[in-house]
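Everything numeric here is computed off the predicted structure, so don't read it as measured data. Below, chains carry the letters A, B, ... as their sequence lines are ordered, and counting in each starts from 1.
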Number of protein chains: 2
Amino acid sequence: MILSKTTEYALSILSYMATRTDEVYSAEYLFNELKIPRSYLRRLLTGLSKFGFIKSSLGRKGGFVFAKDIKEISFYQIINTMEGADAMNTCLLGFSCCIVDHPCVMHDIWMEARSKMINTLSNTTLADLKEKYQQDLLKNLRSI
Amino acid sequence: MILSKTTEYALSILSYMATRTDEVYSAEYLFNELKIPRSYLRRLLTGLSKFGFIKSSLGRKGGFVFAKDIKEISFYQIINTMEGADAMNTCLLGFSCCIVDHPCVMHDIWMEARSKMINTLSNTTLADLKEKYQQDLLKNLRSI
DNA sequence: ATTAAATACTACAAATAGGTGGCATTTTAT
DNA sequence: ATAAAATGCCACCTATTTGTAGTATTTAAT
């Protein structure tokens with residue numbers, strides 16, 4: 001658990017963008033919506049561009065849009081990219097020896113818990129999130 | 001995922017102690033076994049005492065033993081204690097507004113993945129670990 | 001052309017996490 | 001008594017993460 005703040009910010013930005021329309025989002029606009037520290041947010045957006053989740057357009061009316069279909073972006077991908085390659089695949093105890101032949105004492109327990117989590121995170125994309133979000137909006141409208 | 005190094009160390013120490021006999025473990029002994037940086041390990045052991053997982057005895061032949069029955073120590077407790085209260089119970093996106101009435105867009109998805117994990121971690125104690133470890137030892141003996 | 005609104009880049013500052021070393025105290029063996 | 005082997009405590013150092021600020025560049029509206 002306990003994702004880094006940077007990863008939380010990335011999830012926040014991308015899920016915000018995904019659940020809204022296909023507009024171009026400026027850093028300033030996202031700052032007002034998400035309250036992520038302004039300068040850090042700008043750097044993060046540049047980073048997310050370099051990672052290929054979004055792309056930027058320069059100049060007035062510029063900003064950020066998704067660089068690919070949001071069906072292609074899973075939560076696992078986002079977390080894994082932000083936290084560094086295979087951050088979720090390491091031995092819980094940080095033993096470098098913890099491989100199939102020489103598992104550490106907690107290997108099996110950790111594998112089980114983790115694999116459940118990874119399954120859910122891999123099978124859920126930003127598109128799923130958008131769908132769910134819009135269903136919830138509808139449900140709330142009906143109940144008014 | 002991605003527990004802090006300190007939490008990994010704590011899990012390493014406690015699971016090591018649990019799967020061995022009921023001896024008193026000195027910091028120096030654990031240092032040799034676990035290769036956690038010596039000084040940091042000593043500080044950590046003092047910390048684990050303060051948290052009530054283990055207790056220390058001073059002087060020559062002193063060291064650390066469990067402060068309570070290892071049936072009473074779950075992995076969830078260890079992680080939660082080390083990472084700070086309810087570190088696993090916060091909103092994934094770090095929104096302070098993310099409560100039942102006003103969940104953030106990822107609330108449900110995160111809750112589901114997380115609750116599976118927490119279930120496993122809460123239901124597994126150091127005693128379970130010990131039992132499993134000893135069964136594995138037996139199995140390996142038989143296959144020799 | 002000029003200005004405004006946007007991103008890119010970069011150097012620095014602050015906060016947190018991880019790690020070290022020394023000295024004081026306690027206990028046991030001799 | 002003294003020395004050895006242990007923990008307790010504390011001050012400091014280092015590395016990493018998070019956050020800030022300013023300048024350069026690009027684009028569109030006027």
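- The heavy-atom pair separating B:F75 from B:T125 by the smallest distance is CE1-O, 3.8 Å.
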Can you give each donor-acceptor pair under 3.5 Å made by side-chain atoms of residues 30-37 of chain A, sequence neighbours left out, with the distance rounded to 0.1 Å?
| unit_1 | atom_1 | unit_2 | atom_2 | d |
| --- | --- | --- | --- | --- |
| A:N32 | ND2 | A:E28 | O | 3.3 |
| A:E33 | OE1 | A:Y16 | OH | 2.9 |
| A:K35 | NZ | A:N32 | O | 3.0 |

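- Contact check, A:T6 against D:dT18: a side-chain N or O comes under 4.0 Å of OP1 or OP2.
- The distance from atom NZ of B:K5 to atom P of D:dT17 is 10 Å, rounded to the nearest whole Å.
- Residues B:F64 and B:M17 approach most closely at O-CE, 3.7 Å, considering heavy atoms.
- Here the range on DNA chain C touched by chain B, meaning any atom under 4.0 Å from one of its heavy atoms, is C:dG18 to C:dA29.
- Scanning for salt bridge (charged side-chain N to carboxylate O under 4.0 Å, His left out) contacts around B:K71 gives B:D69, with sequence neighbours left out.
- Evaluation of the salt bridge (charged side-chain N to carboxylate O under 4.0 Å, His left out) rule for A:R43 yields no partner, not counting sequence neighbours.
- Protein atom CD of A:E83 is 16 Å distant from nucleotide atom P of D:dT16, rounded to whole Å.
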Name the pairs: protein N/O against N/O of nucleotides 9-11 of chain D, kept only if under 3.5 Å.
| unit_1 | atom_1 | unit_2 | atom_2 | d |
| --- | --- | --- | --- | --- |
| D:dC9 | OP2 | B:K50 | NZ | 3.1 |

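- Under the 4.5 Å side-chain contact rule for hydrophobic residues, A:L44 and A:Y29 share a cluster.
- Protein atom OH of A:Y40 is 9 Å distant from nucleotide atom P of D:dT17, rounded to whole Å.
- Considering only heavy atoms from C-beta on, B:F66 comes within 4.5 Å of B:I73 through its side chain.
- Distance check: A:I13 CD1 to A:E8 CD gives 12.0 Å after rounding to the nearest 0.5 Å.
- Counting heavy atoms from C-beta on, the side chains of B:M82 and B:Y9 never come closer than 4.5 Å.
- Using a 4.5 Å cut-off on side-chain heavy atoms (C-beta onward), B:I78 and B:F51 make no contact.
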I'd like a list of close polar pairs between nucleotides 2-6 of chain D and the protein, N/O only, cut-off under 3.5 Å.
none

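- Distance A:R38 CZ to D:dG22 C1': 14 Å, rounded to the nearest Å.
- Closest non-hydrogen pair, B:L45 versus B:I54, comes out as O-CD1, 3.7 Å.
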